[in-house]
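Structure first, commentary second.
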Amino acid sequence: MDIASPLLLWYDRHARTLPWRGSRDPYIIWVSEIIFQQTRIEQGTGYFLRFVGRFPDLHSLAAAGEDEVLRLWQGLGYYSRARNMLFTARFIVENHGGIFPSDFEMIRKLKGIGDYTASCIASICFGQVHAAVDGNVYRVLSRVIADKTAIDSTKGQVLFKRLAQELISRQRPGDFNEALMDLGATVCKPRSPECTICPLINLCRACELKIQGELPVKSPAIKKSASVMNYLLVMQGEEIVIQKRTGKGIWNGLYELPMIAGDLEPASIAAECQSVYGIKADNLSEIRRIKHVLTHAKLDIRFYAVTTVSKASIGNKSLLWVSGRNIVEYPFPKPLVDFLDSLSES
DNA sequence: CACGCGTGGGT
DNA sequence: TACCCAAGCGT
């Protein structure tokens with residue numbers, strides 16, 4: 001089967017003009033591919049432009065602090081992408097003389113770079129024949145061969161990656177990869193694919209069988225767990241108390257207010273606040289309650305004002321006093337950004 | 001290898 | 001409301 005010829009003909013006329021298109025700088029392609037993992041073009045483009053504006057090359061990124069990198073990432077989600085990028089930038093400077101590796105296996109070993117991103121960099125920047133298989137490509141190929149193997153199963157991933165590697169253009173591997181992704185994004189869409197204008201209509205088995213709407217097949221989604229987070233707004237004059245999240249859970253590396261987990265009464269929260277943080281919180285008053293939905297969890301987030309507290313009464317060293325003026329230096333999860341923004345408005 | 005990891009938009 | 005979807009990767 002030759003899908004490369006009609007696909008590249010289509011691509012030459014319909015390729016989208018995107019800020020990173022045309023660049024063969026592995027640093028630029030790397031940044032763009034990381035940002036657009038699980039992220040829509042409309043959502044990520046501003047982030048991409050700000051990121052490469054502030055960090056135009058590997059060395060400028062490697063020299064940055066984690067807070068500033070995460071602050072540029074604030075609101076984009078999946079923050080381990082940013083922390084892994086910083087780690088890898090520093091790694092390349094230290095171990096590869098600041099030159100982005102061109103060997104596929106070497107690229108693939110870098111932290112935060114999997115099969116997809118390594119294939120993009122190898123094909124687009126170095127002309128190597130490696131098929132980049134993202135969600136678009138899984139969808140397009142599952143329709144082309146009308147195969148109902150779940151695209152998110154191990155079996156499906158092996159199947160469609162092998163197929164993509166068979167079909168990829170040996171002459172224009174980078175263009176082929178981008179063309180297949182463009183086709184998935186603009187024509188072979190998840191819902192209501194526009195088969196009548198598709199360059200692959202004559203060889204698409206799903207279109208022939210009129211089952212394109214039933215493909216791709218995915219495994220059933222996992223149910224979201226629910227949890228409650230109680231945030232404490234501890235203020236004195238112009239300053240509030242924040243802390244950095246560490247460990248393996250959500251929002252790792254970002255900052256937040258002092259937090260007590262669990263569906264608790266204010267009195268219980270105050271007691272835990274005292275024992276965990278050493279914050280004497282006699283009279284908590286709830287000032288806001290919001291729902292925040294993640295891919296895998298539903299959060300019930302409650303904000304409380306702590307009115308009677310003196311700076312000296314807080315003995316926990318992991319807590320930071322930050323002035324309202326400096327709060328913009330610190331990266332926060334979206335619900336905290338919204339809450340803190342609403343404070344400065346009123 | 002099933003699951004954790006964000007956010008925003010669409011239906 | 002409650003899903004689904006969007007240029008994946010680490011563990």
Side-chain angles (χ1 to χ4, degrees), chain A residues 16 18-21 28-48 70 73-85 87-88 107-121 123-124 131-140 150-158 160-161 164 174 177-186 188-193 213 216-227 245 247-254 256 290-299 301 331-338:
Chain A
R16 291 180 291 177
L18 303 167
W20 52 95
R21 278 277 164 84
I28 296 296
I29 298 303
W30 175 48
V31 173
S32 73
E33 294 304 338
I34 299 296
I35 285 180
F36 292 104
Q37 286 170 7
Q38 305 298 105
T39 303
R40 294 171 188 278
I41 299 296
E42 314 83 70
Q43 188 189 0
T45 298
Y47 284 87
F48 169 79
L70 284 172
W73 213 269
Q74 178 178 282
L76 196 51
Y78 289 140
Y79 299 96
S80 65
R81 292 182 293 176
R83 288 185 291 106
N84 287 338
M85 281 192 75
F87 177 93
T88 291
I107 299 171
R108 178 63 183 79
K109 284 193 180 74
L110 298 170
K111 185 173 286 189
I113 296 184
D115 282 343
Y116 165 77
T117 304
S119 297
C120 281
I121 295 170
S123 64
I124 295 169
V133 183
D134 72 338
N136 288 307
V137 177
Y138 281 116
R139 181 174 60 256
V140 173
I151 59 171
D152 53 355
S153 67
T154 302
K155 188 181 169 193
Q157 294 185 14
V158 170
F160 293 112
K161 282 180 182 177
N177 283 334
E178 299 206 69
L180 213 43
M181 290 190 274
D182 263 20
L183 187 72
T186 63
C188 193
K189 298 172 291 185
R191 274 186 275 258
S192 50
V217 171
K218 285 188 169 184
S219 309
I222 49 176
K223 197 166 159 47
K224 294 185 197 307
S225 61
S227 60
R245 288 184 69 96
K248 292 205 159 192
I250 58 169
W251 303 326
N252 184 19
L254 277 65
E256 64 181 356
I290 59 125
K291 306 265 186 217
H292 189 75
V293 181
L294 310 178
T295 305
H296 58 290
K298 287 187 286 192
L299 305 180
I301 302 179
F332 289 92
K334 194 58 171 57
L336 276 294
V337 172
D338 292 343

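Note on naming: letters A, B, ... go to the chains in the order of the sequence lines (proteins, then strands), and numbering restarts at 1 for each one. Nothing here was measured: the structure is a model prediction, and the numbers come from that model.
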Spacing between A/Tyr138 atom OH and C/dC5 atom P, to the nearest angstrom:
16 Å

With Watson-Crick and G-U wobble geometry limited to distances under 3.5 Å, how should the secondary structure of DNA chain B be encoded in dot-bracket form, using | for bases paired to another strand and [ ] for crossing pairs?
.||||.|||||

Whole-Å distance, A/Lys298 NZ to C/dC4 P, equals 12 Å

Test of understanding: with salt bridge (charged side-chain N to carboxylate O under 4.0 Å, His left out), list the residues that count as partners of A/Arg16, not counting sequence neighbours.
A/Asp182

Euclidean distance, atom CG of residue A/Asp152 to atom P of C/dG10 [Å, nearest integer]
18 Å

Could you give the distance from CE (A/Met85) to CD1 (A/Ile113), rounded to the nearest 0.5 Å?
8.0 Å

Answer with base, sugar-phosphate or nothing: what part of the nucleic acid does A/Ile34 contact at a heavy-atom distance below 4.0 Å?
nothing

Side chain to side chain donor-acceptor pair (under 3.5 Å) partners for A/Arg83, two or more places apart
none

Checking A/Lys218 now: which residues fulfil salt bridge (charged side-chain N to carboxylate O under 4.0 Å, His left out) with it, not counting sequence neighbours?
none

Counterpart residues, side chain to side chain donor-acceptor pair (under 3.5 Å), relative to A/Lys298 (two or more places apart)
none

Base-contact (B) and sugar-phosphate-only (S) positions in nucleotides 6-11 of chain B, heavy-atom cut-off under 4.0 Å, - elsewhere
BBB---

For A/Thr117, which contact category applies under a 4.0 Å heavy-atom criterion: base, sugar-phosphate, or nothing?
sugar-phosphate

Roughly how many Å apart are C/dC9 and B/dG8, using the P atom of each and rounding to a whole number?
22 Å

For A/Asp134 and C/dC9, give me the distance from atom CG to atom C1', rounded to whole Å.
14 Å

A/Asn177 side-chain N/O to A/Cys120 backbone N/O, donor-acceptor pair under 3.5 Å
no

Whole-Å distance separating the NZ atom of A/Lys223 from the P atom of C/dA2
9 Å

d(CG, A/Asn84; C1', B/dG4) in whole Å:
14 Å

With A/Gln74, the side chain to side chain contact (heavy atoms under 4.5 Å, CB included) member among A/Leu254, A/Val337, A/Leu336
A/Val337

Is A/Ala297 touching bases, backbone alone, or none of the nucleic acid, heavy atoms closer than 4.0 Å?
nothing

Which residue lies toward the 5' end of DNA chain C, A/Ala221 or A/Arg108, if each is placed at its nearest nucleotide?
A/Ala221

Which part of the nucleic acid does A/Arg83 contact within heavy-atom distance under 4.0 Å: base, sugar-phosphate only, or nothing?
nothing

Say we look at B/dC3 and C/dC4: how far apart would their P atoms be, to the nearest angstrom?
15 Å

Partner set under ring-ring contact (aromatic ring centres under 6.0 Å, His included) for A/Phe36, not counting sequence neighbours:
A/Trp20

Taking CH2 from A/Trp73 and C1' from C/dC9, how many angstroms apart are they, rounded to a whole number?
12 Å

What contact category does A/Arg21 fall into here, base, sugar-phosphate, or nothing, at under 4.0 angstrom with non-hydrogen atoms?
base

Rounded to whole Å, the CG-C1' distance (A/Leu299 to B/dC5) equals 12 Å

The criterion is side-chain contact (heavy atoms from CB on, under 4.5 Å); which residues satisfy it with A/Lys161, sequence neighbours excluded?
A/Asp115, A/Val133, A/Tyr138, A/Gln157

Residue set satisfying ring-ring contact (aromatic ring centres under 6.0 Å, His included) with A/Tyr78, at least two apart, ordered chain then number -> none

